[in-house]
Amino acid sequence: MKKVRIALMGLGNVGKGVWMILNSNKKEIMKRSGYEVEVAKILVRDKNKPRDVEVPGEIITTNFNDILEDDSIKIVVEVMGGLEPAREYMLKCMDRKKHIVTANKMLLATGGDELFEKADSMGVMFNYEASVAGGIPIINGIDESLTANKIEELYGIVNGTTNYILTKMQLDGLNFDIALKQAQDKGYAEADPTSDIEGFDAQYKLAILSSLAFGTKINVNNVYREGITKIKSVDMKYAKKFNLVIKLLAIAKESDGELELKVHPTMIPKEHPLANVYDSFNAIFIKGNAVGDLMFYGRGAGSLPTGSAVVSDIIAILRSNVDIENDNPVVKNNLWHRKIKNIEESQSKFYIRATVLDQPGVLAEITTVLGRHNVSLRSVIQRGSKNSECEVMIVLVTHKTMEADINAAIKEITNLKCVDKIENIIRIEDFK
Ligand code: NAP
Ligand code: HSE
């Protein structure tokens with residue numbers, strides 16, 4: 001049996017999962033890869049930190065050079081996260097002809113080009129299955145199994161933390177902060193959970209997925225983003241009345257060579273398969289022009305599911321035709337140029353919740369403004385508010401409307417004397 005020495009950079013949630021799988025599935029990994037995998041070094045910040053996995057003390061290091069300068073280490077797994085020094089360390093390892101596996105979506109989405117170019121120029125493999133949707137094999141799914149298709153639409157629940165929070169708010173009536181704390185305790189959230197709850201993590205993942213699905217370079221700043229912090233339990237109750245469920249969706253649509261890329265809380269029909277994806281589970285729903293509708297479903301975060309994707313990437317390197325000792329020719333994809341639409345050009349139905357004065361003619365004033373901006377209404381609900389005797393809450397649901405039109409209408413409605421506050425606006429996706 002051949003032996004390969006690898007190193008981990010990071011022994012946190014994901015690193016721990018990788019270590020556990022490499023040990024518990026040693027035999028299977030040997031059979032499938034043809035190699036006995038030995039973890040030669042693990043880089044951490046703090047050697048003395050108590051850890052809930054048993055790792056021999058002598059392989060733990062805080063010195064990156066112990067990995068870089070050891071030419072017997074052929075594969076380096078980056079699961080430390082963050083931009084720097086992760087970027088610098090990976091580039092340096094590639095320069096030393098080490099193959100790389102990473103789970104770092106933030107770095108891939110914001111500075112991936114440099115890493116891909118370095119991997120190409122050095123002839124090393126650079127695998128990143130764990131960067132999107134944890135244990136779901138979506139990167140390989142799109143990049144290998146679906147290459148016969150033109151992908152037309154992609155809808156993803158790609159952030160486990162926010163899906164966990166929304167599930168707990170929807171089904172258990174938990175408040176946002178408690179649900180977030182639980183997601184952190186379970187190891188789903190990023191070191192700074194702002195990345196999860198404000199939609200940055202999903203934005204990075206959508207940039208990675210759509211660059212593969214549509215064969216183009218995506219500047220992550222062109223992906224529209226909104227997080228879930230404005231969602232209140234009252235919005236969930238109204239969604240239920242309309243037979244809808246609120247999810248943080250990452251959406252990519254292609255038409256006439258132009259792409260629409262957006263991440264935002266979305267009300268979706270409760271019968272849609274994505275509406276039944278709960279807790280930290282992720283799912284990616286794809287419409288391909290040959291395969292039709294397809295959904296990938298699984299655990300989107302956590303030690304073992306993410307570790308599963310990382311270890312599969314290690315095995316993929318060992319199983320490839322690469323002579324692990326020598327160069328590996330990397331096949332480059334040809335890229336297309338695509339225009340990314342501005343969010344103002346995209347169309348949706350909208351849910352609008354507002355507090356207005358309880359007096360005659362208010363609805364007429366609002367609907368007049370909406371009409372002037374080509375926004376037609378599908379339904380209206382009015383409820384007395386507990387906050388004030390003279391105010392009521394109204395909920396409006398529109399037909400499909402251009403974002404530019406709804407924005408112009410809302411700007412005017414906000415200034416009406418009879419309107420106290422636009423409390424929330426949530427897009428509705430009916431997948432038609
Ligand atoms: P984590 O629990 O915060 O672990 C980070 C690990 O990296 C720790 O062991 C830390 O050392 C080490 N580290 C961080 N900065 C370092 C530095 N400058 N030098 C040396 N060691 C350093 O993070 P995680 O949740 O495992 O996530 C790791 C990566 O995987 C991130 O890119 C994340 O986005 C991605 N990811 C996470 C999940 C998930 O479910 N958590 C899923 C998919 C992808 P100490 O232990 O000494 O502090
Ligand atoms: N924080 C991320 C999530 C980890 O909650 O989905 C998986 O990428």
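Counting starts at 1 for both ligands and their atoms, following the listed order.
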Under the salt bridge (Lys or Arg N to Asp or Glu O under 4.0 Å) rule, what do E190 and K105 come out as? Steps first, then yes or no, please.
-> CA-CA 11 Å; E190 296 303 304; K105 56 259 165 161; 3.0 Å; yes

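- Residue N159 has at least one heavy-atom neighbour below 4.0 Å for each of these atoms of ligand 2: 2 (C), 3 (C), 5 (O), 6 (O).
- H272 has its ring centre no less than 6.0 Å from the ring centre of Y155.
- The shortest contact between atom 6 (O) of ligand 2 and any protein heavy atom is with G160 N, 2.7 Å.
- Close contacts between ligand 2 and K205 involve ligand atoms 2 (C), 3 (C), 6 (O), 7 (C), 8 (O) [criterion: under 4.0 Å to a heavy atom].
- Close approach of ligand 2 to Y188 (heavy-atom distance below 4.0 Å) involves ligand atoms 1 (N), 2 (C), 3 (C), 4 (C), 5 (O).
- Scored by the side chain to side chain donor-acceptor pair (under 3.5 Å) test, K341 finds no partners at all (sequence neighbours excluded).
- Residue S131 has no nitrogen or oxygen atom sitting less than 3.5 Å from a nitrogen or oxygen atom of ligand 2, judged on distance alone.
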For residues 287-297, please give each side-chain donor-acceptor pair under 3.5 Å, one per line with the distance, not counting sequence neighbours.
residue : atom : partner : partner atom : Å
N289    : OD1  : K150    : N            : 2.9

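- An N or O contact shorter than 3.5 Å is missing between N282 and ligand 2 by distance.
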Does the pair D71 and R96 meet the rule for a salt bridge (Lys or Arg N to Asp or Glu O under 4.0 Å), with working shown?
-> CA-CA 8 Å; D71 287 331; R96 297 284 286 243; 3.5 Å; yes

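- Within ligand 2, the atoms closer than 4.0 Å to a non-hydrogen atom of E190 are 1 (N), 2 (C), 4 (C), numbered from 1 in the order shown.
- Just one of K205, E198, Q203 meets the side chain to side chain contact (heavy atoms under 4.5 Å, CB included) condition when paired with D201; it is K205.
- Among protein heavy atoms, atom 5 (O) of ligand 2 sits closest to T161 OG1, 2.6 Å.
- The side chain to side chain contact (heavy atoms under 4.5 Å, CB included) test with I142 singles out one residue from V132, L154, T147, and that residue is L154.
- Inspection of the T61 and N63 side chains reveals no N or O donor paired with an N or O acceptor under 3.5 Å.
- The single protein non-hydrogen atom nearest to atom 8 (O) of ligand 2 is K105 NZ, 2.6 Å, given as residue, atom name and distance.
- In this structure, G300 has a heavy atom closer than 4.0 Å to ligand 2.
- The protein residues lying under 4.0 angstrom from ligand 1, judged by non-hydrogen atoms, are G10, L11, G12, N13, V14, L43, V44, R45, D46, K49, R51, V79, M80, G81, P85, A103, N104, K105, A130, G187, E190, A301, G302, T306.
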Ignoring hydrogens and angles, write down the donor-acceptor pairs under 3.5 Å from the side chains of residues 84-93, residues two or more places apart or on other chains.
residue : atom : partner : partner atom : Å
E84     : OE1  : E88     : N            : 3.3
E84     : OE2  : R87     : NH1          : 2.5
R87     : NE   : E114    : OE1          : 2.7
R87     : NH2  : E114    : OE2          : 3.1
E88     : OE2  : K92     : NZ           : 2.8

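- Every atom of ligand 2 is numbered from 1 in the order shown, and the set under 4.0 Å from a heavy atom of D196 is 1 (N), 2 (C), 3 (C), 5 (O).
- Atom NZ of K230 is surrounded by 12 or fewer heavy atoms from other residues, nucleotides or ligands within 6.0 Å.
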